[in-house]
Amino acid sequence: MGIMLSLQEVTKIYPGAEHIKAVDSLSFDLEEGEICTLVGPSGCGKTTAMKMINRLIPITSGKILIDDQNINRMDTIELRRSIGYVIQNIGLFPNMTIAENIATIPKLKGWDHDRIAEKVESLLEIVNLPAEEFMGRYPRELSGGQQQRIGVARGMAADPPIMLMDEPFGAIDPINREHLQDEFLKIQAKVKKTIVFVTHDIDEAIKMGDKICLLKDGKLVQFASPEELLTEPANGFVRDFVGGDRTLKRLNLLTIKTAMNPDPPVIMQNELPEKAKSMLSELKLDHLIVVDNEKRLIGYVDQEALTKKADEVGDIAQSTEAFLPASSSLKDGLSEIFTYELGYLIVVDEDKKVLGTLREEGIKNILRR
Amino acid sequence: MQIRLFYPFIKKCAPFVVTAIIVLLLYKYYGAFKYTSDNLPEFFRLNYEHFFLVIVSMAAAGSVGVFLGIIMTRKGFERFGSAIMAMVNVWQSIPSLGVIALAYGFLPLIGFSGIGVVPALIALFFHAVAPIVRNTYAGVKDVSNDVIESATGMGMTPNQILFKIEIPNALPVIMGGIRTATAIIVGSAPLAFLIGGGGLGFWIFTGIALMDMGILIAGAVPVAIIAMLFDTLLAKLEKIIVSKGIQVKEYQTA
């Protein structure tokens with residue numbers, strides 16, 4: 001994958017405020033398909049930096065390259081039509097239906113009717129709003145979350161390789177925001193746009209970004225992956241901005257898979273209880289995981305359960321909720337460990353086949369690394 | 001139970017029915033029927049003149065008013081805005097009779113006749129242009145900045161933004177200005193008679209001069225009906241041209 005967007009020594013000085021550099025020789029490269037979150041305290045220049053990319057704000061010095069082309073040499077209107085733009089307050093056109101809103105730029109680009117209709121439908125499908133129901137409705141008839149999804153769909157309508165998003169989920173309540181973030185990441189996994197995403201919320205920046213660009217007073221403080229930002233903050237400012245709980249924040253980024261002990265001892269449900277007893281004493285374990293012949297999780301047995309009379313282990317196995325798929329975040333995993341009586345978590349795949357166990361020590365080890 | 005089904009229909013028709021009954025009673029009581037039918041050709045001529053005054057001055061005020069209102073919102077023209085606004089506001093603050101009198105007195109000074117249809121049209125135009133300019137300006141200015149910013153950021157040209165976004169979204173407010181202006185014009189049009197502009201004012205002022213209620217009513221009632229007609233038509237027009245996405249739901253026509 002090549003470099004899609006490149007900022008080189010980009011500087012912005014607003015007329016009338018010559019002594020302040022709103023953006024001060026900002027440089028970074030963004031590869032195709034990456035999300036870069038611009039984050040920092042208010043007034044750090046993140047929005048200014050973003051708006052220079054589609055020339056809503058003219059650059060004072062330095063240059064911005066898209067696909068190796070200097071944007072200052074491109075026609076402004078053409079440039080903007082090749083960049084999706086989504087803002088916090090969405091700015092849907094109230095006089096147009098949802099379909100017309102999405103079709104605005106394709107229409108101006110002269111796409112034919114069928115191609116536009118097809119695009120509108122597929123985009124509505126991508127953002128999870130049934131086309132028949134929403135196409136003919138007007139923005140004011142939609143909830144804030146629905147409007148935001150339409151905003152995202154409209155931003156992607158003309159197939160722009162690059163999208164600029166200015167706090168797109170900033171005006172949404174926390175529960176819906178998280179939902180929209182997850183949904184957006186799923187969409188991004190499909191469409192693979194190169195995205196510049198402005199936010200003031202470090203948690204959102206960490207969650208959404210492949211790269212995080214942390215700005216302060218117009219200057220770049222650190223440009224790094226979320227993992228790197230959390231483990232190796234460049235200086236005290238980054239450490240403060242990320243927050244004292246940065247180690248805990250990493251729990252969100254890592255999956256259970258990275259910290260689990262693979263292939264734990266298990267017993268088939270049709271074995272004799274005596275075998276379970278001998279395995280428990282031999283391996284010095286408190287519990288033994290019981291599986292079926294496909295290695296799918298049934299439950300567990302402990303010494304106490306084994307005092308009951310039974311022909312097969314499966315009959316006395318206790319079922320448990322203490323399991324999660326390997327792709328879940330370590331944060332969820334840790335929470336589950338503390339929730340259930342088992343004291344550890346059974347890690348399964350999508351078919352509920354046992355892959356391993358997750359224990360506190362495993363999490364500690366990975367966070368110290 | 002049956003009545004309920006017709007309720008919306010009755011509600012819609014009631015104002016018209018009540019007005020019609022009042023009109024018929026007035027006509028009958030003061031003998032305006034007889035005066036009108038005795039002078040039918042003149043009745044049609046005066047109506048024609050009245051319509052002509054209203055429609056022509058309306059069209060002029062509408063096009064100039066909307067144009068000025070939009071110009072004032074364009075980049076680089078903002079500084080003319082307050083000057084234009086002050087001017088049209090002064091024009092409107094002069095009472096109708098005053099505007100007519102000014103036209104009569106002022107036009108001869110610059111070499112035009114102060115008598116006839118043209119001075120009447122000019123007077124009506126100046127009187128009605130203010131609410132249209134003001135509403136157009138306010139309507140276009142009020143289109144949300146977020147909407148304009150996203151349109152600009154998406155790559156729409158200033159003209160596309162004006163015609164596809166700003167004007168359509170300002171239409172309800174612009175139409176409000178046009179309806180106000182129409183009410184002013186229709187209300188002031190009878191005064192045109194005083195400077196030889198013709199119209200139904202002829203019968204009204206004749207009726208006043210002769211203290212003949214029949215002639216007065218024969219002139220005044222058609223004026224009122226024309227006023228209602230224009231307002232209803234403009235409301236209907238508004239419903240057609242304003243996008244459903246911004247129409248006020250509980251909207252009531254005349």
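All of these numbers come straight from a predicted model, not from anything done at the bench. Chain naming here is simple, since letters A, B, ... match the order of the sequence lines and numbering starts at 1 in each.
For B/Thr152, the parts sitting under 4.5 Å from any heavy atom of chain A are the backbone and the side chain alike. Contact annotation for A/Leu56: only side-chain heavy atoms (C-beta onward) come within less than 4.5 Å of a heavy atom of chain B. Neither the backbone nor the side chain of A/Thr97 comes within contact range of chain B; no heavy atoms are under 4.5 Å apart. Interface remark: A/Arg154 contributes side-chain atoms only to the contact with chain B (heavy atom separation under 4.5 Å). Proximity to chain B (any heavy atom under 4.5 Å) is restricted, for A/Leu92, to the backbone atoms N, CA, C and O. Interface remark: A/Pro139 contributes no atoms to any contact with chain B (heavy atom separation under 4.5 Å). Contact of A/Leu164 with chain B is not made at all, since no heavy-atom distance falls under 4.5 Å.
Remark: A/Tyr14 OH is packed, more than 12 non-hydrogen atoms of other residues, nucleotides or ligands lying under 6.0 Å away. More than 12 heavy-atom neighbours from other residues, nucleotides or ligands sit within 6.0 angstrom of CG on A/Asp75.
Using a 4.5 Å heavy-atom cut-off against chain A, no residue of residues 219-227 of chain B qualifies as contacting. At a heavy-atom separation below 4.5 angstrom, chain B is approached by A/Ile105, A/Leu108 within residues 105-115 of chain A. Residues of residues 40-55 of chain A lying under 4.5 angstrom from chain B, judged on non-hydrogen atoms, are A/Lys51, A/Asn54 by number.
The candidate with the highest count of non-hydrogen atom pairs below 4.5 Å against chain A, out of B/Ser243, B/Pro168, B/Gly153, is B/Gly153.
Atom CZ of A/Phe93 and atom CD1 of B/Ile148 lie 8.0 Å apart (nearest 0.5 Å). Here A/Asn101 contributes atom CG and B/Ser150 contributes atom OG; the two are 8.5 Å apart, rounded to the nearest 0.5 Å.
Closest approach of B/Ile165 to A/Met96, counting heavy atoms only: CD1-CE, 3.7 Å. The shortest heavy-atom contact between B/Glu149 and A/Ile87 is OE2-CG2, 3.6 Å.
Applying the side chain to side chain donor-acceptor pair (under 3.5 Å) test to B/Thr157 and every residue at least two apart in sequence or in another chain returns B/Gln160.
A donor-acceptor pair under 3.5 Å is formed between the side chain of A/Arg81 and the backbone N or O of B/Gly155. Between the side chain of A/Asn95 and the backbone N or O of B/Glu166 there is no donor-acceptor pair closer than 3.5 Å.
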